[in-house]
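The next block holds one structure in the form of structure tokens; read it before the comments.
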Amino acid sequence: MNNKLVLNYCPNFHKIVNFDIEEDDAISRKLIQVYQDYIFNIDLANVEETKLVMEIDKVLSRYIDDYEFRKNLRISMLQVKIKKSCTNILKAIVESIVAIFDNYEEYTTRNVYISRWI
């Protein structure tokens, strides 16, 4: 029952879970695993956690749709550091992913990419 309620906050769940991952793409596989583990282990009464679920859903949807963001997140994830004193490692990883996305959004809105056709 709780899983169905969680899916109300994740409109992109099926798109994310059914993403066709290449064999050598361990990062995408791990990101989707973190996503699933996090969304199905939250407390729905906690407003902060439900907001974070909606954010990670939006971020991973963008990860699937946007090649530039996917490339950026793969590089950035290798540099994420979680303190040993952290009590909820999964939440810390999700917050890091959302922070990387926010940084990417801010950066890309400042830069206009002009494609050149040859």
In chain order, what residues pass the side-chain contact (heavy atoms from CB on, under 4.5 Å) check against A26, with sequence neighbours excluded? none
Are Y35 and Y63, when compared by the centres of their aromatic rings, separated by less than 6.0 Å? no
Spacing of OG1 belonging to T50 relative to CD1 belonging to I39, to within rounding of 0.5 Å: 13.0 Å
Qualifying residues under ring pair (Phe, Tyr, Trp, His ring centres under 6.0 Å), relative to Y38, sequence neighbours excluded: none
Below 4.5 Å, heavy atoms only, C-beta onward: do I93 and I97 meet side chain to side chain? yes
Before you tell me yes or no, could you show the steps for L73 and L31 under side-chain contact (heavy atoms from CB on, under 4.5 Å), namely the whole-Å CA-CA distance, both residues' side-chain angles and the distance that decides it to 0.1 Å? CA-CA 10 Å; L73 186 61; L31 284 171; 3.8 Å; yes
Ignoring hydrogens, what is the shortest heavy-atom contact between R74 and I27? Give both atom names and the distance. O-CD1, 3.8 Å
All salt bridge (Lys or Arg N to Asp or Glu O under 4.0 Å) counterparts of K84, not counting sequence neighbours: none
Hey, could you give me each pair passing ring-ring contact (aromatic ring centres under 6.0 Å, His included) that has a residue in residues 75-94? Not counting sequence neighbours. none
Taking C-beta and beyond as the side chain, do I100 and V98 meet within less than 4.5 Å on heavy atoms? no
Is any side-chain heavy atom of N88 less than 4.5 Å from a side-chain heavy atom of L90? yes
Do any pairs count as a ring-ring contact (aromatic ring centres under 6.0 Å, His included) and have a residue in residues 68-91, sequence neighbours left out, and if so which ones? F69-F101, F69-Y104
Show me the pairs that pass salt bridge (Lys or Arg N to Asp or Glu O under 4.0 Å) and involve residues 43-60, at least two apart or across chains. E48-K91, E55-K58
Any chance you could measure I16, atom CD1, to Q36, atom CD, to the nearest 0.5 Å? 9.5 Å
Which residues pass the side-chain contact (heavy atoms from CB on, under 4.5 Å) test with Q79, not counting sequence neighbours? I75
What about L78 and V59, same hydrophobic cluster or not, with Ile/Leu/Val/Met/Phe/Trp/Tyr joined at side-chain heavy-atom distances under 4.5 Å? yes
Would you please name every residue forming a salt bridge (Lys or Arg N to Asp or Glu O under 4.0 Å) with D66, sequence neighbours left out? R62
Taking the side chain as every heavy atom from C-beta outward, state whether L60 and I64 have any atom pair closer than 4.5 Å. no
Distance from N103 atom CG to S76 atom OG, nearest 0.5 Å? 7.5 Å
Are M54 and V47 in one and the same hydrophobic cluster, where Ile, Leu, Val, Met, Phe, Trp and Tyr link if side-chain heavy atoms are under 4.5 Å apart? no
Any non-hydrogen side-chain atom of V53 less than 4.5 Å from a side-chain atom of L44? no
Please enumerate all residues that pass side-chain contact (heavy atoms from CB on, under 4.5 Å) together with I21, with sequence neighbours excluded. F19, D25, S28, R29, I32
Within a radius of less than 6.0 Å around CD1 of I82, do more than 12 heavy atoms belonging to other residues, nucleotides or ligands occur? yes
Residues which pass ring pair (Phe, Tyr, Trp, His ring centres under 6.0 Å) with Y9, listed by chain and number, not counting sequence neighbours: none
Residues pairing under salt bridge (Lys or Arg N to Asp or Glu O under 4.0 Å) where one sits in residues 14-23, two or more places apart or in two chains, turn out to be K15-D65
Is the closest side-chain donor-acceptor distance between N72 and E68 under 3.5 Å? no
